[in-house]
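Whatever order the structure lists them in is the order used to number ligands and atoms, beginning at 1.
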Amino acid sequence: MHENFSLKPYNTFGVDVKANYFAEANTVEELKEALHFSKENNLPWLFLGGGSNVLFTCDFNGLVIKLNLKGISVQPQNENEVLVTAKAGENWHEFVMFCLDKNFGGLENLSLIPGNVGTSPMQNIGAYGTEIKDIFVNCTVLNLETLEIETFDLEKCRFGYRDSIFKQEGKGKYVILDVTFKLTTQNHYIKTEYGAIQAELENSGIENPTIQEVSKAVISIRQSKLPDPKEVGNAGSFFKNPTIPSAQFESLQQRFENIPGYPNEDSVKVPAGWLIEQCGWKGKQIGNVASHKLQALVIVNATGKATGKEIYDFSTEIINSVKEKFGIELEREVNII
Ligand code: FAD
Ligand code: EPU
C-alpha cells in the first residue's frame with residue numbers, strides 16, 4: 001500500500017494527480033484485502049487497468065486499486081472452436097498477439113487497442129468492424145456488495161456501442177476478474193470490409209488475407225493516425241460518434257452536403273471527428289491541450305504538462321461549438337474521474 005501516490009505513470013493522458021492510497025492486486029485475495037481496507041477506513045475506491053480510458057480532473061481522495069491479475073487458459077471446444085479465458089490484468093494487445101500466435105481467430109481487428117482484458121467489457125471495445133460482443137462468451141465478476149463471484153453472459157452484459165451494463169445500472173457494483181472469448185481455430189471469419197483495411201491489404205498485394213495479415217493491416221492503419229500514448233498523452237477517441245434521427249440528418253444534409261453518415265434503421269451515426277474538424281478544431285492547441293492533427297476526435301496532452309481540468313475544459317469547448325454549429329450534443333467516451 002502506497003500513500004500520497006502519483007498516478008502520472010498510470011494514466012495514458014499523463015496527468016499528474018495523486019491518490020491518497022494506491023494498491024496493486026495480483027490475486028483475488030489481495031483485491032479483497034484492498035476492498036476491506038477501503039471499507040474499514042471509509043474510503044472510496046477506484047479500479048485501474050491500463051489507465052487508457054480515464055481522465056483525472058483532480059486528486060483522488062481514496063484508494064486506487066490497480067488490477068494485475070494474470071493468466072490465460074485455453075479450452076478446446078470442437079474442431080473449429082476454442083474458449084480462451086484471460087484474467088483482468090492481462091494487457092489487451094499482448095493477449096490478441098498470444099491468440100494470433102496460436103492461430104485463434106476473432107480478435108485480429110481489435111489489435112493494438114491499449115488497456116487490459118478486464119476493462120474490455122466496460123465499453124464493449126470495438127474497432128474496424130468488430131466489437132468484443134461478437135466473440136464474447138462471459139466474464140466473471142466480484143460483486144462489491146456481497147463479495148460473491150458471479151458470471152455475466154452475453155445477454156446479461158447488455159452490450160451496445162461503447163456501452164454495457166457496467167457503465168449503466170451495474171456501474172460501481174462489480175469488478176471484472178476475467179473474460180472468456182470463443183475463437184476459431186480453422187475456418188476463420190475474415191472481416192476486411194471496414195474502411196481502410198481492404199486498401200491497406202491491396203497495397204501490400206494481399207488478396208486472401210490470413211488473420212495475422214488482417215492484424216498487421218489494422219496495426220498499420222492505427223499507427224498512421226492515432227497518437228502513441230508513450231509519445232503524447234491521450235485516451236483515444238475522447239467522444240462517442242453520435243447517433244441522430246434520420247430526419248435530423250436529412251435536414252443537416254441540406255446545409256452541409258458532404259456530411260458523412262452511417263444509416264441504421266431510422267437513425268444515422270455521424271463521425272464526431274468530422275463534426276469537430278468542421279468546427280476548426282483539428283490540430284488546434286490551447287495552452288497545453290490540442291485536438292490531434294491527424295484525428296480530430298483525439299484530444300492530446302500536447303506539452304505533457306496539461307492538467308485534467310484543462311483537458312476537460314477543452315473538451316467542453318468542443319462540445320459547445322459542435323452543438324452550436326450542428327445542433328448535436330457530443331457525449332464523452334472517456335471516463336471522467
Ligand atoms: P482504464 O482506463 O484503466 O479504466 C477504464 C474504466 O474502467 C475506469 O472507470 C475504471 O475504473 C474501470 N475499470 C478498469 N478495470 C476494471 C475492471 N476490471 N472491473 C471494473 N471496472 C474496471 N477503445 C476502443 O473501444 N476502441 C479503440 O479503437 C480504442 N483505441 C484507443 C487508442 C488509443 C491510442 C487509446 C489511448 C485508447 C483507445 N481506446 C479504444 C480506449 C481504451 O483503450 C479502452 O477503453 C480500454 O478498454 C481501456 O482499458 P484500460 O484497462 O486502460 O481501462
Ligand atoms: N473524420 C474526419 N476528420 C477527422 C477524423 C475523422 O473527417 O479528423 C471522419 C472521416 O470521414 C472518417 C470518419 O470520420 O472517414 C471515421 O474516422 P475513423 O475511421 O478514424 O474512425 P472514428 O469514427 O473517428 C472510431 C472509433 C475508434 C476506432 C475507429 C476504427 C469511436 C468513438 N471511435 O473512430 O475507437 O479505433 O473507429 O474502428 O467509435 C476509441 O474508442 O478510443 C477509438 C480510437
Review point. Are more than 12 heavy atoms from other residues, nucleotides or ligands located less than 6.0 Å from atom CD of Glu79?
Key: no
Review point. In the protein, which heavy atom is nearest to atom 28 (O) of ligand 1, and how far is it?
Key: Arg222 NH1, 2.9 Å
**Study point:** Residue portion contacting ligand 2 (non-hydrogen atoms closer than 4.0 Å) for Gln295
**Key:** both
Exercise for review: Could you check Tyr21 against Phe60 for ring-ring contact (aromatic ring centres under 6.0 Å, His included), going step by step and ending with a plain yes or no?
Suggested key: CA-CA 9 Å; Tyr21 296 93; Phe60 185 70; over 10 Å; no
Exercise for review: Could you tell me whether ligand 2 has any atom less than 4.0 Å away from a heavy atom of Arg162?
Suggested key: yes
Point to revise | N/O separation below 3.5 Å, Gly129 to ligand 2 | key: no
**Study point:** Element-labelled atoms of ligand 1 that are located less than 4.0 Å from some non-hydrogen atom of Leu48
**Key:** 3 (O)
Review point. Can you find a protein heavy atom under 4.0 Å from atom 5 (C) of ligand 2?
Key: yes
Review point. More than 12 non-hydrogen atoms from neighbouring residues, nucleotides or ligands closer than 6.0 Å to NZ on Lys156, yes or no?
Key: yes
Revision key, fill the gap. Ligand 2 to Asn241, heavy atom cutoff 4.0 Å, flagged ligand atoms 23 (O), 31 (C), 32 (C), 39 (O)
Review point. Any idea which of Gln123, His292, Lys173 brings a heavy atom closest to atom 44 (C) of ligand 1?
Key: Gln123
Revision key, fill the gap. Taking only non-hydrogen atoms of Leu46 and a 4.0 Å limit, the atoms of ligand 1 in range are 11 (O)
Exercise for review: Return the orientation label for the Phe159 and Phe136 ring planes: parallel under 30°, perpendicular over 60°, tilted otherwise.
Suggested key: perpendicular
Check your understanding: Under 3.5 Å, is there a donor-acceptor pair linking the side chains of Gln123 and Asp163?
Key -> no
Check your understanding: Which ligand 2 atoms are under 4.0 Å away from a heavy-atom of Gly236?
Key -> 42 (O)
Practice item. Quick one: look up the protein heavy atom nearest atom 6 (C) of ligand 1 and list residue, atom name and how far away it is. Key: Asn335 ND2, 3.5 Å
Review point. Nearest to atom 15 (N) of ligand 1, what protein heavy atom do you find, and at what distance?
Key: Thr119 OG1, 3.4 Å
Review point. Nearest protein heavy-atom contact for atom 21 (N) of ligand 1: which residue, which atom, what distance?
Key: Met122 SD, 3.5 Å
Practice item. Identify, by atom number and element, the atoms of ligand 2 in contact range of Ala296, meaning under 4.0 Å from any of its heavy atoms. Key: 4 (C), 8 (O)
Practice item. Heavy-atom contacts with Lys282 under 4.0 Å: which atoms of ligand 2 show up? List them by number with element. Key: 3 (N), 4 (C), 8 (O)
Exercise for review: Verify the neighbour count for atom NZ of Lys216: are there more than 12 heavy atoms of other residues, nucleotides or ligands below 6.0 Å?
Suggested key: no
Revision key, fill the gap. Of Gly126, Ala127, Gly49, Gly115, the one whose closest heavy atom lies nearest atom 26 (N) of ligand 1 is Gly126
Point to revise | atom 30 (C) of ligand 2 touched by protein heavy atom at under 4.0 Å | key: yes
**Study point:** Partner of Leu48 under side chain to side chain contact (heavy atoms under 4.5 Å, CB included), chosen from Leu67, Val54, Ile65
**Key:** Val54
Check your understanding: Judged by non-hydrogen atoms, does Arg162 sit under 4.0 Å from ligand 1?
Key -> yes
Check your understanding: Side chain, backbone, both or neither: which part of Ser237 has a heavy atom under 4.0 Å from ligand 1?
Key -> neither
Point to revise | For Phe47, the ligand 1 atoms whose distance to one of its heavy atoms is below 4.0 Å | key: 10 (C), 11 (O)
Exercise for review: Flag the pair Lys66 and Glu24 as a salt bridge only when some basic side-chain nitrogen lies within less than 4.0 angstrom of an acidic carboxylate oxygen.
Suggested key: no
Check your understanding: Between Asn68 and Ala25, is there a donor-acceptor pair closer than 3.5 Å when you use the side chain of the first and the backbone of the second?
Key -> no
Practice item. Report yes if some heavy atom in the side chain of Tyr194 is under 4.5 Å from a heavy atom in the side chain of Thr130; otherwise report no. Key: no
Check your understanding: If you count the atoms of ligand 1 from 1 in the order shown, which ones are under 4.0 Å from a heavy atom of Val175?
Key -> 19 (N), 20 (C)
Exercise for review: Could you establish whether Tyr174 and ligand 1 come within less than 4.0 Å of each other, counting only heavy atoms on the residue side?
Suggested key: yes
**Study point:** Between Thr12 and Ser52: side-chain donor-acceptor atoms closer than 3.5 Å
**Key:** no
Exercise for review: Just say parallel, tilted or perpendicular for the rings of Trp45 and Phe47, cut-offs at 30° and 60°.
Suggested key: tilted
Review point. Which of the numbered atoms in ligand 2 are below 4.0 angstrom from a heavy atom of Leu297?
Key: 24 (O)
Check your understanding: In the protein, which heavy atom is nearest to atom 44 (C) of ligand 2, and how far is it?
Key -> Ser237 OG, 3.2 Å
Point to revise | Distance-only polar pair, side chains of Asp16 and Ser6, donor-acceptor under 3.5 Å | key: yes
Practice item. With the side chain counted from C-beta on, respond yes when Arg158 and Glu169 share a heavy-atom pair under 4.5 Å apart, and no when they do not. Key: yes
Point to revise | Of the listed options Leu31, Val300, Ile176, closest to atom 18 (N) of ligand 1 (non-hydrogen atoms) | key: Ile176
**Study point:** Plane angle bin for Phe314 and Trp281 - parallel if under 30°, tilted between 30 and 60°, otherwise perpendicular
**Key:** perpendicular
Check your understanding: In terms of atom number and element, which parts of ligand 1 are under 4.0 angstrom from non-hydrogen atoms of Gly51?
Key -> 1 (P), 2 (O), 3 (O), 50 (P), 52 (O)
Exercise for review: Would you check if the distance from the ring center of Phe56 to the ring center of Phe13 is below 6.0 Å?
Suggested key: no
Check your understanding: Counting only heavy atoms, which portion of Asn234 has something under 4.0 Å from ligand 1: side chain, backbone, both, or neither?
Key -> both
Check your understanding: What is the closest protein heavy atom to atom 46 (C) of ligand 1, and at what distance does it sit?
Key -> Pro114 O, 3.6 Å
**Study point:** For Lys225, the ligand 2 atoms whose distance to one of its heavy atoms is below 4.0 Å
**Key:** 18 (P), 19 (O), 20 (O)
**Study point:** ring-ring contact (aromatic ring centres under 6.0 Å, His included) assessment of Phe166 paired with Phe152
**Key:** CA-CA 11 Å; Phe166 304 110; Phe152 277 48; 5.4 Å; yes
Review point. Can you list the steps and then say if Asn124 with Tyr161 is a side chain to side chain contact (heavy atoms under 4.5 Å, CB included)?
Key: CA-CA 7 Å; Asn124 174 31; Tyr161 164 63; over 6 Å; no
Review point. For ligand 2, which part of Phe239 has a heavy atom less than 4.0 Å away: the side chain, the backbone, both, or neither?
Key: backbone
Practice item. Would you please determine whether Tyr161 falls within less than 4.0 Å of ligand 2 on a heavy-atom basis? Key: yes
Point to revise | Atom indices of ligand 2, in the order listed, that fall short of 4.0 Å to a heavy atom of Glu277 | key: 2 (C), 3 (N), 4 (C), 7 (O), 8 (O)
Study note, to complete from the structure: min-distance protein heavy atom vs atom 16 (C) of ligand 1 -> Leu67 CD1, 3.9 Å
**Study point:** Side-chain heavy-atom pair Leu83, Phe181 within 4.5 angstrom cut-off
**Key:** no
**Study point:** Nearest non-hydrogen protein atom, atom 42 (C) of ligand 1
**Key:** Ser52 OG, 3.4 Å
Review point. Quick one: which ligand 1 atoms are inside 4.0 Å of a heavy atom on Pro227?
Key: 34 (C)
**Study point:** Donor-acceptor contact present, side-chain Thr184 to main-chain Gln186, <3.5 Å
**Key:** no
**Study point:** Check: Tyr128 N/O within less than 3.5 Å of ligand 2 N/O
**Key:** yes
Point to revise | Atom indices of ligand 2 within 4.0 angstrom of Tyr194 heavy atoms, with elements | key: 30 (C), 37 (O), 38 (O)
